[in-house]
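What follows is a short report on a single structure.
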Amino acid sequence: MTELRLVAGRRPVGAQLLDRALDLVFPPRCVSCDRFGAFICENCLDEGTGADPPRCPICWMPSREAAGGPTPRPTCVRCRAVRPSFIAARSVFVYAAAARDAVHALKFRGLSAIAPTMAGLMAERLVKWSPPVDCIVPVPLAGGRRRERGYNQSELLAKELSRLTAIPVDQRALVRPDSASPQYRLADREERRRNVSAAFRAGRRVPQGNVLLVDDVMTTGATLDACARVLLEAGAGPVFALTFARED
Ligand SMILES: [Zn+2]
Ligand SMILES: [Zn+2]
C-alpha cells in the first residue's frame with residue numbers, strides 16, 4: 001500500500017491529438033445545461049449536489065447525529081442494526097441534478113466519453129478520503145446488459161480511476177451471471193435483497209489485498225454489500241466502496 005495521490009495520468013500523444021480532433025468535430029457539451037465546453041460545466045458543478053457530511057461514516061447516509069451530539073460520529077440506525085460487508089462507502093454527489101444527468105448520459109445515452117470527467121471527480125474524492133486500498137474492482141453488469149450497452153459503465157469509471165491514481169484495476173474479480181433479474185423489476189425490498197445476494201460470484205482469481213469497489217450509483221447499498229461479501233468470502237482483504245453518486 002503506497003500513499004494515495006493523483007498521478008499525471010497522461011494519455012499517449014496520439015490519443016491526445018485524437019481527443020483534440022474529436023473535440024473540434026464534436027465539442028463536449030454539458031449534459032445538464034447544454035452549454036458547450038465540458039461534459040459537466042463549471043456552473044453545474046458549482047450548483048452540484050455534493051454528498052457532503054454530516055453522514056454515517058460507514059454507509060454515507062445523511063445523518064444529523066453524525067454532526068455531533070453526545071457520541072461523536074455515530075453510525076446510522078441501519079448500520080448499527082446490520083453492519084454492511086464493506087468497511088466504508090463514499091460518493092462524490094447525491095444522485096440529483098447534474099450528477100444524475102451525467103449518470104444517465106453514461107448509462108442510457110451511450111456517452112462513454114464522459115467517463116474520464118466523472119472518474120476525475122471520483123479520483124479527487126478518493127485522494128481526500130485515502131482508504132488503504134491495493135486494487136480497484138468494478139461492479140460487473142450481467143453479460144446480456146453489457147452486450148446491449150456495449151460497455152459496463154462501472155468498468156469505464158474504474159479504468160479511468162486506475163489511470164489517475166495508479167491503483168491497479170481487476171475487472172475479473174467479480175462476475176455476474178445472466179440469470180439475475182434487473183433491479184428495477186423487483187419492487188419488493190426483501191426480494192431485491194435476495195436477488196442481489198445471488199447475483200454475484202467471485203471470479204477465478206480474487207485479489208488478496210484491500211479492495212476498492214467502484215460503481216456509478218449507490219441506491220440501497222445492497223449491491224455493494226453483496227459484492228463485498230462475495231469478495232471477502234473468496235479471500236480478498238477488507239473492502240471499501242466509491243460511487244459517483246448516491247441516492248439519499
Ligand atoms: Zn452545465
Ligand atoms: Zn450507515
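Note that ligands are numbered from 1 as they come in the structure, with each ligand's atoms numbered from 1 the same way. All residue numbers in this chain count up from 1 along the given sequence. All heavy atoms count here, side chains included; hydrogens, waters and symmetry mates do not.
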Inset, instruction - Using the Zn ion (ligand 2) as the apex, give the angle to atoms SG (Cys56) and SG (Cys76), rounded to 10 degrees. - result: 110°
Legend entry - Vertex the Zn ion (ligand 2), arms to Cys79 SG and Cys59 SG, rounded to 10°: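 About 100°, to the nearest ten degrees.
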Inset, instruction - Using the side-chain contact (heavy atoms from CB on, under 4.5 Å) rule, pick out the option among Val239, Ile167, Leu242 that qualifies with Val133. - result: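 Only match with Val133 under side-chain contact (heavy atoms from CB on, under 4.5 Å): Ile167.
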Legend entry - Angular separation of SG (Cys33) and SG (Cys44) seen from the Zn ion (ligand 1), to 10°: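 Taking the Zn ion (ligand 1) as the apex, I get 110° for this pair.
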Legend entry - Ion pair check, Arg55 and Asp248, cut-off under 4.0 Å: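 Here Arg55 pairs with Asp248 in a salt bridge, since their nearest N and O are under 4.0 Å apart.
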Legend entry - Salt-bridge criterion met for Asp170 and Arg172 (N-O under 4.0 Å): no
Legend entry - Test ring-ring contact (aromatic ring centres under 6.0 Å, His included) applied to Phe93 - qualifying residues, sequence neighbours left out: Phe244
